[in-house]
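For reference, the structure discussed in these notes is given below.
Residue numbering restarts at 1 for every chain, and letters A, B, ... go by the order of the sequence lines.
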Amino acid sequence: MSKNLVIVESPAKAKTIEGFLGKDYIVKSSYGHVMDLNKTQLSVDIEHGFEPQYEVSADKKKLVAELKKLAKEAEMVWLASDEDREGEAISWHLFKALGLKEDKTKRIVFHEITKTAIAHAIENPRGIDLNLVSAQQARRVLDRLVGYELSPLLWRKVKPALSAGRVQSVAVRLIVEREEEVKDFKVTSAYRVTAVFSVDGQPNAKLKAELSERFAIEADAQNFLTSCIGAGYTVSAVEKKPMKKSPAAPFTTSTLQQEASRKLGYSVGNTMRVAQHLYESGKITYMRTDSVNLSNLALSLAKDEITNSFGKEYVKTRKYTTKTKGAQEAHEAIRPTSMAASSISGTSEEKRLYDLIWKRTLASQMADAELEKTTITVDISSSKYTFIATGEVILFDGFLKVYLEGNDDDSSEESADLLPPVKNGQVLKVGEILAQQRFTRGPARYTEASLVKKLEELGIGRPSTYAPTISTIQKREYVVKEDRPGTSREYKVLSLLSDKITSKTEAENVGFEKSKLFPTDIGILVNKFLCQYFESIIDFNFTANVEKEFDEIADGNQAWNKMIGEFYGPFHKKIEDTNENSAKFSGEKLLGVDPVSGKNLFVKVGRYGPMVQLGDTDSEEKPKFAGLHKNQTMDTLTLEDALELFSFPRTLGEYETKEMAVAIGRFGPYVKHDSKFYSLAKTDDPASIDAERAIEIILAKREKEEQASIQEFQQEPDLKVLNGRYGPYITFKKKNYKIPKGADPAKLSLEECMAIVANPDNAPKKAFKGKRK
DNA sequence: CAGTGAGCGAGCTTCCGCTTGACTT
């Protein structure tokens, strides 16, 4: 058949390359790694040099068989996985899994998907770099050992089904520590003084200026304003300074995630999903990259586009180099495949993300913006202080014509304005002078994207793992992403206008948070555990240090299993030691004593999460337990809150001869009636809800159910055809079944429904539970 | 846009990095 089989990692890449290579080449994809350690066991032979037991991944068996067949028929197999540690390992695993022969296998690499780059790669093949493979093996084994020894320890000491790892545990640590910083931050205030001047002969011109000094206390601000009564104001200096602004580098995964978050409000996961789409439809280059490099082709495409749209003076071809720790640069930066396409067809999400990528790429190849910054100093006849006004004028817009990078901190109070022309020595007329109380701002909580930025700075995680890591720490409930309302804060404003000082108090809303990451009680507790016993693993430099060793291995200067051995000895000893000698780590805290029973009341993390416990664990009488509400935290829970938790379930009286009770369950507060459950509305308070309101809730839900119901059958009350979120479905004995396409849900007979239920094709899909062997 | 509603007992959970599907009841 085909003489040559080329294997790359991504199917979209395969398609493009096949176009470049012609009919003698068939190009296939490995879809990433084809071999990995078994998920259900450690799969590292500790006794024998930490030899990893790789196997073909379950979901790759079919693919490997197909590739094997193609490889057999080909005269030459070209392994073209990425040129980085993981890519080299993929080639090695393919070599093994496909049973390739050395004389019939070549390893090639390229960093950009262009015809010349591919041709060059084919002319310059090499062998598989086994040192680099060893480095990957060290990385893989280290992560497995850390993850699979630490996690079970957490199950025993803290709570089942938790996890820890080199990357996720640092991510959690960052969020926990940031929260502490936010809580510990001491807010101080000072009076910021601003004045508005008018200029003779320029009736519409306003000169806004700020005083060079801020006053710590109100009395000082007051004194200053008093001193200004009747004072004169003269321009004492006008200074002009030229400035330049340069465009930001083209997008990497991390910077794309940040900008899409800042400018479009996309979550990290959403950005990657949309980008994947753009990539698969050939509109952008690969979206998981740490490189800011653009191919020569891209540079010239950008140059043409800029020349055509804006003129030659806007062109400045730039080569960017990465400064990111641990970058492996196997790909190009993220860019449009065609710079001429300034917009695309697609969903609005896709269009907006593409627009961002297009502009960023174009701007990166454009001239600097030239600005002039003007600083005007205004003397006060009665004071040693001066007012300063700053303004900016754009002399040449350059790259600003298309794009300006966003900013994470929203603290910039006002943007610099255009200033009216004034001369040194000119006398100004003052309008209002304001002294406003301003407060210092504490550190900002992380968003998903700013956490990615931080992780990248620390060299922790890779472009392919940023989004999954963020989803893992939320899935484990170490962290929640949510909005939180702010609080109202009063501030003082003093005003001097027409020689009269007035004072008033105003209010502002502060501390409102949108889509920020907050640690949960579990996250805080697990972090505390790891800090106490495994500080070295969640050290911010741990990854950077092991990366140095991986580089040594890649350079052939160290044996990988020797490195792992040196790490594993002390690590494993600490695991065993902690397992044997430490008590349960529940974060238990004594809240006080129950005034009724006189028993101790504790708050702690139990098998199912944060809970309160009434009575001592080792007392004869079994203690009582109750879980915390969703919006309660162990840190802020009071004795009263805790006592209230024990007041459930509370009976509310009878309705239709059946008892009603209010209780708090896994999904929040609910009313139970006639063995049915009715969730309370968010506005209902379970502590004070009465029978009347409970009946309202019951009736409301009944009505809703009625509306959702498409069909019911008297002969078989367990079976119903309902209208759900994903459309009509059949529910039978607490299980739901999909309705085959083409069937009209309203006209199904009972027999037809029973047939649907009996057909395993329509059965509810369950998570893989079967176990082999 | 639905439904879900703990608490010994039995057995399970877990890592990080590469890649895309298949598409819920």
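- A:Gln613 places a side-chain N or O within 3.5 Å of a backbone atom of A:Gly615 that can act as its donor or acceptor partner.
- Whole-Å rounding puts the A:Met660 CE to B:dG5 P distance at 21 Å.
- B:dG5 atom P lies 18 Å from atom NE2 of A:His673, rounded to whole Å.
- Residues that satisfy the ring-ring contact (aromatic ring centres under 6.0 Å, His included) test with A:Phe50, not counting sequence neighbours, are A:Tyr568.
- One atom, CG of A:Asp674, and another, P of B:dG5, lie 16 Å apart when rounded to the nearest Å.
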Next on the checklist: Apply side-chain hydrogen bond (donor to acceptor under 3.5 Å, both in side chains) to residues A:Lys584 and A:Ser586 and explain how you reach the verdict.
Outcome noted: CA-CA 6 Å; A:Lys584 257 225 164 226; A:Ser586 69; over 6 Å; no
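- For A:Glu535, the side chain to side chain contact (heavy atoms under 4.5 Å, CB included) partners at least two apart in sequence or on another chain are A:Arg173, A:Asp539.
- The separation between A:Phe646 atom CZ and B:dG7 atom C1' is 13 Å, rounded to whole Å.
- No donor-acceptor pair closer than 3.5 Å links the side chain of A:Ser151 to the backbone N or O of A:Ser163.
- Separating the C1' atom of B:dG9 from that of B:dG5 is a span of 22 Å, rounded to the nearest Å.
- The separation of B:dC12 from B:dC8, taken at their C1' atoms, amounts to 16 Å, rounded to a whole angstrom.
- Residue A:Phe625 contributes atom CZ, which lies 12 Å from atom C1' of B:dC8 at whole-angstrom precision.
- Contact of the A:Thr520 side chain with the A:Val479 side chain is not registered, since no non-hydrogen atoms from C-beta on lie closer than 4.5 Å.
- B:dG3 and B:dT24 are spaced 14 Å apart, taking the C1' atom of each and rounding to whole Å.
- The glycosidic torsion of B:dC8 lies within 90° of 0, placing the base in the syn range.
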Checklist entry - Could you walk me through whether A:Gln53 and A:Ser43 pass the side-chain hydrogen bond (donor to acceptor under 3.5 Å, both in side chains) check? => result CA-CA 5 Å; A:Gln53 282 127 33; A:Ser43 305; 4.9 Å; no
Checklist entry - Based on Watson-Crick and G-U pairs with both distances under 3.5 Å, what dot-bracket line describes DNA chain B 5' to 3', crossing pairs as [ ] and inter-strand pairs as |? => result .........................
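- Partners of A:Arg85 by salt bridge (charged side-chain N to carboxylate O under 4.0 Å, His left out), not counting sequence neighbours, listed by chain and number: A:Glu547.
- One interatomic measurement links the two molecules: NZ of A:Lys672 to C1' of B:dA6, which rounds to 12 Å at whole-angstrom precision.
- The CG atom of A:Leu645 sits 16 Å away from the C1' atom of B:dA6 (whole-angstrom rounding).
- One atom, OH of A:Tyr670, and another, P of B:dG3, lie 17 Å apart when rounded to the nearest Å.
- Partners of A:Ala89 under the side chain to side chain contact (heavy atoms under 4.5 Å, CB included) rule, at least two apart in sequence or in another chain, are A:His33, A:His93, A:Gln136.
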Checklist entry - Quick one: what's the B/S/- string for nucleotides 14-21 of chain B, heavy-atom cutoff under 4.0 Å, read 5' to 3'? => result BBBBBBS-
